Amino acid sequence: MEDRRSFIRKSAAAALAFSAPILPGYGCSTKIYSKHPLKTTALKKALVAWYSQTGNTERHGRLIAKTLEVHGIEVTAAELKHVDIESVNDHQLIIIGSPVFYYDTPDYVKRWTAALPSINGMPVASYVTFGGPEGNQYNAACAIIEGLVEKGGVPLALDAFMNMGTFPPVWSGDEVKAHTWATRHLPDASTYRRVREYTKEIIRRVARGQRAKFIKTMNAREFSTLFNPVWWTKKFVDQHHIIRDKCTECGNCVDKCPVDAIDLTNHTIDRGACELCFGCINNCPAQAIFIKYNGQRLVGYLDFMKEHHLKITLPEELNG
Ligand SMILES: Cc1cc2nc3c(=O)[nH]c(=O)nc-3n(C[C@H](O)[C@H](O)[C@H](O)COP(=O)(O)O)c2cc1C
């Protein structure tokens, strides 16, 4: 039988292996940089665009846009799906925001950047909002930059802003997960200060022509992104449908679904196409989306916020 000392030694080795970054040179560490010269250091017009399911990433995007405007920069601010991608080169800076989903940038955002025309020499920056404690947010922000660099963008900066997680299993059921509850006051004034500072730093970097190099290094936990975590998570979903009698046909779920999986003419959800972003249940004001996950009915974001009297603090620029 294994003695106590050797057991402890083996456990420590396993823990180290689990948490350590995968060593550079083994194909899991990626350098992200551009060889293109910056197309300009004169910033007149910026594009700030985001993907956002429950408003956090959008709020930061709008604050970034306001901060740029205060500095005399004209801004196109929009959801990714409303951006005319043929006009991206009319700008001298592109900033893209996204939530972290499943330890990564959502596929929707990756598809969007992949569809861009060439943006050779364009200064680019990214930001993510996230709700988990795992520390994977940096890689997700890197993944956005990676997509923009593939199109010729020149990376300047990235940042990540924490708030309450919006993955319904973290609050549905008997108790709210401790981390979710502990972060329910975010974003707050200090988050917004950081967003403004981040924006000013980007402006400075454009003016100085200060490019950046990022290194995306996967740790063992993030290896799950290579094994289709959406597919695995779907295995826990027993039911996912629309309760026809409750549906008010407001269209929120259709609007938020990134893969057009919802058809309100016959109240169906294409579960094969669904990417399990929970945008439908999180934005339904009528409790008409029924999802049973791991044996329990999920509660959507709007209902969770209402039930716990939670309100998001807005930055003064977005008040009124
Ligand atoms: C489907 C789903 C998966 C998520 N996965 C992660 C994750 O892997 N890591 C993390 O830190 N937060 C995760 N979150 C939390 C969101 O990243 C976070 O709450 C984000 O701010 C939501 O942005 P939005 O309000 O703009 O949609 C997840 C949320 C959802 C809905």
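Only this structure's heavy atoms are used, side chains among them; waters, hydrogens and symmetry mates stay out. Each residue takes its place number in the sequence, starting with 1. None of the values given here were measured: they were computed from a predicted structure. Counting starts at 1 for both ligands and their atoms, in listed order.
- Heavy-atom neighbours of Lys256 NZ from other residues, nucleotides or ligands within 6.0 Å: above the threshold of 12.
- Note on ligand 1: Leu276 sits in its first shell, one or more heavy atoms being nearer than 4.0 Å.
- Within the structure, the closest approach of Arg59 to ligand 1 does not fall below 4.0 Å when heavy atoms are considered.
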When you look at Lys39 and Asn120, which way does the side chain to side chain contact (heavy atoms under 4.5 Å, CB included) test go after all the steps? CA-CA 8 Å; Lys39 80 170 188 178; Asn120 283 352; over 6 Å; no
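- Note: Trp50 and His60 fail the aromatic proximity criterion, with ring centroids not under 6.0 Å apart.
- Salt-bridge annotation for Glu201 and Arg204: present, with a side-chain N of the basic residue lying under 4.0 Å from a carboxylate O of the acidic one.
- Remark: ligand 1 and Val100 share an N or O pair separated by less than 3.5 Å (distance only, no angle test).
- With atom 5 (N) of ligand 1 as the reference point, the heavy atom nearest to it among Phe278, Phe130, Tyr102 is part of Tyr102.
- Atom CD of Gln239 has more than 12 neighbouring heavy atoms from other residues, nucleotides or ligands inside a 6.0 Å radius.
- When Asn163, Ile281, Thr57, Thr166 are checked for heavy-atom proximity to atom 31 (C) of ligand 1, Thr166 turns out nearest.
- Near Pro99, meaning under 4.0 Å from any of its heavy atoms, are these atoms of ligand 1: 17 (O), 20 (C), 22 (C), 23 (O), 27 (O).
- Counted within 6.0 Å of NZ on Lys45, heavy atoms from surrounding residues, nucleotides or ligands total more than 12; the atom is thus considered enclosed.
- Neither the backbone nor the side chain of Gln137 comes within contact range of ligand 1; no heavy atom lies under 4.0 Å.
- Between Tyr301 and Trp171, the ring planes are tilted. Angles from 30° to 60° get that label.
- Compare Tyr301, Tyr103, Phe167 by their heavy atoms: the one nearest to atom 7 (C) of ligand 1 is in Tyr103.
- Residue contact check: Gly132 has heavy atoms under 4.0 Å from atoms 10 (C), 11 (O), 12 (N) of ligand 1.
- Under the 4.0 Å criterion applied to side-chain N and carboxylate O atoms, Lys110 and Glu275 are not assigned as salt-bridge partners.
- Between Gly55 and ligand 1, an N or O atom pair is found at a separation short of 3.5 Å.
- Of the polar atoms of Asn56, at least one N or O is found under 3.5 Å from an N or O of ligand 1, judged by distance alone.
- Under a 4.0 Å criterion applied to the non-hydrogen atoms of Gly165, ligand 1 contributes the atoms 19 (O).
- Of all atoms in ligand 1, listed by their number and element, those nearer than 4.0 Å to a heavy atom of Gln53 are 24 (P), 26 (O), 27 (O).
- Contacts with ligand 1 closer than 4.0 Å are made by backbone heavy atoms (N, CA, C, O) of Cys277 only, the side chain lying farther away.
- The number of heavy-atom neighbours closer than 6.0 Å to CG of Asp84, taken from other residues, nucleotides and ligands shown, is above 12.
- The side chain to side chain contact (heavy atoms under 4.5 Å, CB included) test with Thr129 is passed by exactly one of Leu186, Asn56, Thr191, Thr54: Asn56.
- The shortest N/O to N/O separation between Pro168 and ligand 1 does not fall below 3.5 Å.
- The residue from Thr129, Thr183, Val128 that puts a heavy atom closest to atom 20 (C) of ligand 1 is Thr129.
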